[in-house]
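Keep in mind that the numbers below use all heavy atoms, side chains included, and drop hydrogens, waters and symmetry copies. By convention in this document, chain letters (A, B, ...) are assigned in the order of the sequence lines, proteins followed by strands, and residues within each chain are numbered from 1.
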Number of protein chains: 2
Amino acid sequence: MTAAIAIAMRTDKQEVSPLAIFANGQTIYSDGEKCDWAYRVAFGAVSLYRVLACGRRQIVSFHLAGEWFGIEQGRRRQFTAEAIGPTGILCANLAADQCSALLPAVLDALWSAREHQLVISRQSSHERVAAFLLEISERTQDKRRFDLPMPRADIADYLGLTIESVSRAITRLKCSNAIRLVGPRGVEILDRDRLRSFCD
Amino acid sequence: MTAAIAIAMRTDKQEVSPLAIFANGQTIYSDGEKCDWAYRVAFGAVSLYRVLACGRRQIVSFHLAGEWFGIEQGRRRQFTAEAIGPTGILCANLAADQCSALLPAVLDALWSAREHQLVISRQSSHERVAAFLLEISERTQDKRRFDLPMPRADIADYLGLTIESVSRAITRLKCSNAIRLVGPRGVEILDRDRLRSFCD
DNA sequence: CGAAATCTTGAACAACCTCAATCGGCGTGG
DNA sequence: CCACGCCGATTGAGGTTGTTCAAGATTTCG
């Protein structure tokens, strides 16, 4: 957490502090820090990741507008949280008595984590990318036409692939007319069923 | 859930019912069922899995003695839970007011799920198997010498590998003198540091 | 407009999977 | 008691998929 933001948050003792704004690539919290706060994305996106001993980075989850992250009561941070593009974050104090509000968010996170396990352990590169596009689609406003908040490198580190494999898979989905690209970030789903059929 | 067990559980309206015993391979609950209960392993082991459209089975977690599973309040079961070997299960009613007790268990599950994500997305077969042995070791009584409750097929479906790859990795760990096998199920960790060094 | 970053594409290689045979323990029955 | 069959685990050979390394294309931004 950068100093400026930490001060901004500490000035507000309410349950939910005002918006804290992070620039692209800025760290919200780091692996190993104490867990004092839970967070919610107001706008933009956040990635949770760890850099492994071998130097590779694994992103375990993305969090889009409206979604909670960083609920890890009574522990040290398991991962680093980083803003993807300009991102607004709402902060909530991690008091024990709020568990009734936090439990659903944690159950959601567990649900997502396990669905993601299915994707990254057994699926081919095309299946992973197709599943990823559908996943993002379901979590954004316009489910047909949306912009990926993150670069290919982040998608690759999330899906356990290389940038090249992600690119090739996207190209193939494009050539099959399941999707259309609007620049590198814009995605339009032309045939959701066909896209789904790529998910095995 | 088999009829016999369901009756045994329904007769007890307490928070924790007496032990229900399951045979090897018996289903505790199935994908899609209502979530009325949370469970705790008394003895034996449990796997949570789903069979994908392509016919492959993915195990998302193992649960050993003392561990909670099946906390999925207000949803349908995301996975099927199955006993590995003779297994005793304690059942708890999933009342909303117990969230203070359940939250830590869910946070644990989320923690484990994400650590597992790191293993299955980026690691080689040897790294996965080494990490798996260390993980099981940390969760059993005798951390140096223990028996794997599950067959190779389950390990493979958990690590996103084939039986053959698991077998080859184990053979390699054995030949490097990091571990010793006592029959196919028994494992003795001879050199924990070396085993850890395989985890990259 | 130009430079840097991001994305795409290509070719050779390595890792894992598939298919297949073999080994080993264990229970049954001759 | 031993032979047989079964099931799980191991080992081997060849094919597929994704990675690596490298070059080129596109986008972004000062």
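- Between Leu161(A) atom CG and dT8(C) atom P the separation is 14 Å, expressed in whole Å.
- Annotation: the terminal axes of the helix from dC1(C)-dG30(D) to dG30(C)-dC1(D) meet at 30°, where each axis is the rotation carrying the C1' atoms of four end pairs onto the next four (5 pairs per end, rounded to 10°).
- Put simply, CG on Asp147(A) is 15 Å from C1' on dT28(D), counting in whole angstrom units.
- Remark: P of dG18(D) and CD1 of Ile120(A) are 15 Å apart, rounded to the nearest angstrom.
- Ion pairing of Lys34(A) with Asp36(A) is present here, as a side-chain N (NZ or NE/NH1/NH2) and a carboxylate O approach within less than 4.0 Å.
- Ring pair Tyr158(B)/Phe62(B) is tilted by interplanar angle, where 30° to 60° counts as tilted.
- Counting to the nearest Å, the P atom of dC16(C) and the CZ atom of Arg122(B) are 14 Å from each other.
- Evaluated for a side chain to side chain donor-acceptor pair (under 3.5 Å) with Ser137(A), the options Arg192(A), Arg144(A), Lys143(A) yield exactly one hit, Arg192(A).
- Looking only at distances, a side-chain donor or acceptor of Arg50(B) sits under 3.5 Å from a matching main-chain atom of Gln78(B).
- Salt bridge present: Arg75(A) and Asp108(B) bring a charged side-chain N and a carboxylate O closer than 4.0 Å.
- Summarising the geometry, the separation between CG on Leu159(A) and P on dT19(D) is reported as 10 Å, rounded to the nearest angstrom.
- Taking atom CD on Gln123(B) and atom P on dC16(C), their separation rounds to 11 Å, with Å as the unit.
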Can you give me the N/O atom pairs linking the protein to nucleotides 9-12 of chain D at distances under 3.5 Å, or say none if there are none?
unit_1  : atom_1 : unit_2    : atom_2 : d
dA9(D)  : OP1    : Arg152(B) : N      : 3.2
dA9(D)  : OP2    : Arg152(B) : N      : 3.1
dT10(D) : OP1    : Arg152(B) : NH2    : 3.2
dT10(D) : OP2    : Arg152(B) : NE     : 2.8
dT10(D) : OP2    : Ser167(B) : OG     : 2.9
dT10(D) : O5'    : Ser167(B) : OG     : 3.0
dT11(D) : OP2    : Thr171(B) : OG1    : 2.6
dG12(D) : N7     : Arg168(B) : NH1    : 2.8
dG12(D) : O6     : Arg168(B) : NH2    : 3.1

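- Nearest heavy atom pair, residue Arg196(A) against residue Leu134(A), reads CA-CD1, 3.8 Å.
- Using a 3.5 Å distance cut-off with no hydrogens or angles, the side chains of Tyr49(B) and Gln58(B) do not pair a donor with an acceptor.
- When each of Thr162(A) and Gly183(A) is assigned the nucleotide of DNA chain D bearing its nearest heavy atom, the one mapping closer to the 5' terminus is Thr162(A).
- Remark: aromatic rings of Phe69(B) and Tyr39(B) are close, center separation under 6.0 Å.
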